[in-house]
Amino acid sequence: MAEPFDAVDVITTKRDGSALSDAQIEWVIDAYTRGVVAEEQMSALAMAIFLNGMNRREIVQWTNAMINSGQRMDFSSLGRLTTDKHSTGGVGDKITLPLAPLVASFGVAVPQLSGRGLGHTGGTLDKLESIPGWRANLSNEEIYRQLGEGSGAVICAAGAELAPADKKLYALRDITATVDCIPLIASSIMSKKIAEGTHALVLDVKVGSGAFMQTLDKARQLAETMVQLGQDAGVHTVALLTDMSVPLGLTVGNALEVREALEVLAGGGPDDVVELTLALAREMLAAAGKPDADVEGALAHGQAMDTWRAMIREQGGDPDAELPYSRVTHDVVASADGVVQDLDARDVGIASWRLGAGRARKEDPVSAGAGIEIFAKPGDRVVKGQKLLTLHTDEEDRIPRALDVLSGTLHIAEEPVERAQSVVLDRVSADDLS
C-alpha cells in the first residue's frame, strides 16, 4: 500500500519554518517506527525542529503519536492512586532512591520507570544495580504485583513496548546534536510518562551547568511545556525548578550515591538532598490526596527505610549486602587557605564519568564503585592541605584525565561566597499557565 506522505516533503515543511499538520506528524512517527522513514531523514527532521521549533499543537500531536507507537499501562485496578517523579537529569541526583519508598510508605503507589546514565549525568538504574542481586528489568505482571500487593514502590526499566518511537528517536538525537531542544525533550519525557499511566506526575527540572537547561528562563519554558502536556492528557502535573550548578549532595557515582541515599532514609544525609527529597515527596503526596503526610517523620522513624528494604527484596536485591568499593582512591587537597569559590556540576560529572562511573555509549559497562566524594562545597572555608575530594576508580590510569577536567573548578580565594538559600528555585503548575 502506498504511503500517504513522503518524508522529504515533511522535512521541507519544517525546514522552511511551517507547522506540520496532525496527519504529517502521525505518519512520520509511525513510519519511522516501522522503518519506512530512514535514520538520515528523521535526523534531518529533528534538526529542522531544533532550528525552527514547534507550536503547542505540534508538540501535543508529536507526543500523542509517540504514545500511540506502543502500549499504555493502566494502574486503575490497583486500589491505590499512583504518582511518579521525573528528573531531567543531573550530577549526584540520587533523589529517586529515597523518594520512591518515602512516598510509597504512605500507601501511594509509585511506578518509577527510570533510565541509565549517559555522559556526565548519572542513571538511577546503574546506581541500584550496585546492590547485589537487584533487577532492573521486570515484567508488567511483576510491576503490578509489587505496586498493588507489595511495597508499593517500583524502580525499574521501561519495557520495550512503552513509547518505542521515543526510544528510537532518543538514540538518534543523542548522536545528531539535537538533544537540547525543548519540543523534543518535552515530548520525549511526557510520552513515556503519559503512556506509563500514572495518575499524577511531579517534574524535577534541573537548572545550571550540570543540566540540559543552563538558564532559569529555558528551564521554565521546558517546565511549562511539560506541565501543559500532562494537563492536556489528564495527568495532574507540577514542576519544580531546582539548582544543578553544583553537584547534589556529597557523592557522585553509583554505590557511593546508594550509600548517601541510605543515610537520608536513616534520617540523616546532606541538607540539599533531604530538602529536595521532602519537597518532591510533599508534591507527590498532595497530588495523591495526602497533603498533610508527615514526610519528615517517615524518614526519622524508619517508615521509609522499611519500604526501601521491601522494595529492594522484591526486585531480587539484598538490602543488607555490602556495597562495592573501588580498588583505587586519590585525594584532591586544597592548594591554599581560603574559601571554596566554585564546584562546577558538569566538570564533576565528567570527572566521575572518566573514572568509570558513567558511559559514553548506552552499551558501555559502568563501575559500581567509581565516582567522587565531596568534602567541601562553595562557601566552605578550608586550609591548605585539607581534603576537598576523593576520587574512586578501579583503574589508576583513569585518574589523570579526571584531574584534568577538575582543574577548571574548585578555585580557592578569600572572597566570601553566598550560599543558595534553597535548592528549589521555582514551581510551575497548571494554575500558572491559565
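All values derive from a computational prediction rather than experimental measurement. Basis for what follows: all heavy atoms, side chains included, without hydrogens, waters or symmetry-related copies.
Under the 3.5 Å distance criterion, the side-chain polar atoms of N68 are left unmatched by any main-chain donor or acceptor of A65. No donor-acceptor pair closer than 3.5 Å links the side chain of S43 to the backbone N or O of E39. Of the possible polar contacts, none joining the K192 side chain to the S187 backbone as a donor-acceptor pair under 3.5 Å is found. A donor-acceptor pair is defined here as one N or O able to donate and one able to accept, closer than 3.5 Å; such a pair exists between the side chain of E58 and the backbone of L20. Checking side-chain atoms of T33 against main-chain N and O of I29 turns up a donor-acceptor pair under 3.5 Å.
To the nearest 0.5 Å, the span separating CG on L203 from OG1 on T242 amounts to 11.0 Å. A distance of 13.5 Å separates CZ in R346 from OG1 in T409, rounded to the nearest 0.5 Å. Taking CG from L78 and NE2 from H199, the interatomic distance works out to 13.0 Å, rounded to the nearest 0.5 Å.
For the residue pair W134 and L125, the shortest heavy atom distance occurs at CH2-CD2, 3.8 Å. Nearest heavy-atom pair across L102 and V295 is CD1-O, 3.7 Å. For I372 against A351, the heavy-atom pair with the smallest separation is CD1-CB, 3.7 Å. Among all heavy-atom pairs drawn from L222 and V205, the shortest one is CD2-CG1, 4.2 Å. Closest heavy-atom contact between T225 and A186: CG2-CB, 3.6 Å.
With respect to R427 and D432, no salt bridge is recorded, no charged nitrogen being found less than 4.0 Å from a carboxylate O. A salt bridge links E142 with R135: the closest approach of a Lys/Arg side-chain nitrogen to an acidic carboxylate oxygen falls below 4.0 angstrom. Here R282 does not pair with D292 in a salt bridge; the nearest charged N to carboxylate O distance is not below 4.0 Å. With respect to the salt-bridge test (charged N to carboxylate O, under 4.0 angstrom), the residues R354 and D404 do not qualify. One finds a salt bridge joining D380 and R419 here, because a Lys/Arg side-chain nitrogen approaches an Asp/Glu carboxylate oxygen to under 4.0 Å. Salt-bridge formation is detected for the pair E414/R381: a Lys NZ or Arg NE/NH1/NH2 atom is positioned less than 4.0 Å from an Asp or Glu carboxylate oxygen.
Residues D217 and Q221 have side chains that never bring a donor and an acceptor to within less than 3.5 angstrom of each other.
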Derivation and outcome, side-chain hydrogen bond (donor to acceptor under 3.5 Å, both in side chains), residues S422 and E275: CA-CA 8 Å; S422 172; E275 179 199 355; 2.4 Å; yes

Residues D243, S245; criterion side-chain hydrogen bond (donor to acceptor under 3.5 Å, both in side chains); working and verdict: CA-CA 6 Å; D243 182 34; S245 57; 2.8 Å; yes

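Within the cation-pi definition used here (under 6.0 Å to the ring centroid, within 45° of the axis), K206 does not qualify as a partner of F212.
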